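Step one of this worksheet: look at the structure below.
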Amino acid sequence: MPPLSRRQFVTRSVTTVAGSALIGRTSAAPMPPMADLSDSAPLIISTWPFGKPANESALACLKRGGSGLDAIEEGIRLTESDPTNPSVGLAGIPNSEGVVQLDACIMSGPGHRAGGVAALEGFAHPISVARRVMESTPHVLLVGEGARAFAAKNGFERGPKVSPGQKKAWKAWVQQQAEAKRKTDNHDTIAMVALLPDGNVFGGCSTSGRGYKLPGRVGDSPIIGSGLYVDNEVGAAGATGLGENVMRYCGSFLVVEFMRQGLHPQEACIETIRRIARLDPLGFDLAINFIALDKKGRYGAAGTGQGFEYSVTSERSSRVLQSPGLTAKNVGPVGGNVTK
Ligand code: ASP
């Protein structure tokens, strides 16, 4: 499986701009000043350019009178259904045994409720199964065979375990295993967070995880606090990137906690990466990215390295933006104050 195209087409130059810790730019998706990063609810933010149609589907759902959870589920289902997306849904990259195992979670600000599934095989919409776990069981997370049995019992839509194309790519990978194992650039996630006009906050997250992972491997995406966190007093955050480097730090929870302390969502994403980089032997070489929004309709994102693109949708506009990218060189002393 070749690296994902969005990593190939982005070209940037690194510039320094007063008031920002780091600025990375792409001609396709310019990065606006932090002061402009706000909009009125309904406001939906998600990871990557493929989040934009998902955001728009979520907004359409809200306009039809759907709830916040309906909107998150409907938006993410669109991405899960995309047969060209190699990192979300059943078209995702298989694990090392050639099996696609999906991870997802969903969270409601009202009631602080959450549900998730991990290592789910053979079902098209893990986000919907995650919602059902939240709404009809006393549990938060079902995994593997238990998740599959739950989805089957509840009549969720099945899908092919692997397509001929996925199988071919997997076989090629098996042949080149030694080389492919060294590659980490074979994963992505849709994390989506939404602020509604009534001030309530919701989020969801779905992925096929790290390509060619060990069977049973679970990343950050279905783990509440790691790949997603929603706090109805503060806002919400979601992650994409190398799950192992997010889940060891409860990354999305940390972003929300920084917002609680008063940081703008973009500063909170930056400060979270700086905190993680300070502690981690890999420093900024972590391949992690966050999105966030707060109750005031402010939003932002940040990633390591060159940063990443994320999607922002409101009634006013629907756009793909470039996040700041953080490296040891462009954020100053690790652990410093990002607002200076
Ligand atoms: N976070 C996902 C995982 O590790 C992959 C990604 O978002 O790139 O499973």
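Each ligand, and each atom within it, is numbered from 1 in the order the structure gives. A quick note: this is a predicted structure, and the numbers were derived from the prediction, not measured.
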side-chain contact (heavy atoms from CB on, under 4.5 Å) involving Ala191 - partner list, sequence neighbours excluded: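 Listed in chain order: Thr47, Cys205, Ile291.
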
- Item | Ring centroid separation Tyr229 to Phe253 under 6.0 Å |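 Ring centroids of Tyr229 and Phe253 are less than 6.0 Å from each other.
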
Practice prompt. Mark the output for Lys213 as yes if a heavy-atom distance to ligand 1 is under 4.0 Å, and as no if none is.
Written response: no

Return the minimal non-hydrogen interatomic distance between [X] and [Y], and the atom names on each side.
X: Val201; Y: Asn232; answer: N-OD1, 2.9 Å
X: Ala236; Y: Met259; answer: O-CE, 3.7 Å
X: Phe123; Y: Glu157; answer: CD2-O, 3.4 Å
X: Trp48; Y: Thr189; answer: CD1-O, 3.2 Å
X: Leu321; Y: Val312; answer: CD1-CG2, 3.8 Å

For [X], counting its heavy atoms only, list the atoms of ligand 1 lying under 4.0 Å from any of them.
X: Asp220; value: 1 (N), 2 (C), 3 (C), 4 (O)
X: Gly209; value: 9 (O)
X: Thr240; value: 6 (C), 7 (O), 8 (O)
X: Thr189; value: 1 (N), 2 (C), 5 (C), 6 (C), 7 (O)

Practice item. Could you tell me whether Arg210 approaches ligand 1 through its side chain, its backbone, both or neither, with non-hydrogen atoms closer than 4.0 Å? Key: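 Just the backbone.
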
Regarding ligand 1, does [X] bring an N or O atom to under 3.5 Å of one of the ligand's N or O atoms?
X: Asp103; result: no
X: His187; result: yes
X: Asp188; result: yes

Closest to atom 5 (C) of ligand 1 by heavy-atom distance, out of Ser221, Gly219, Gly241, is Gly241

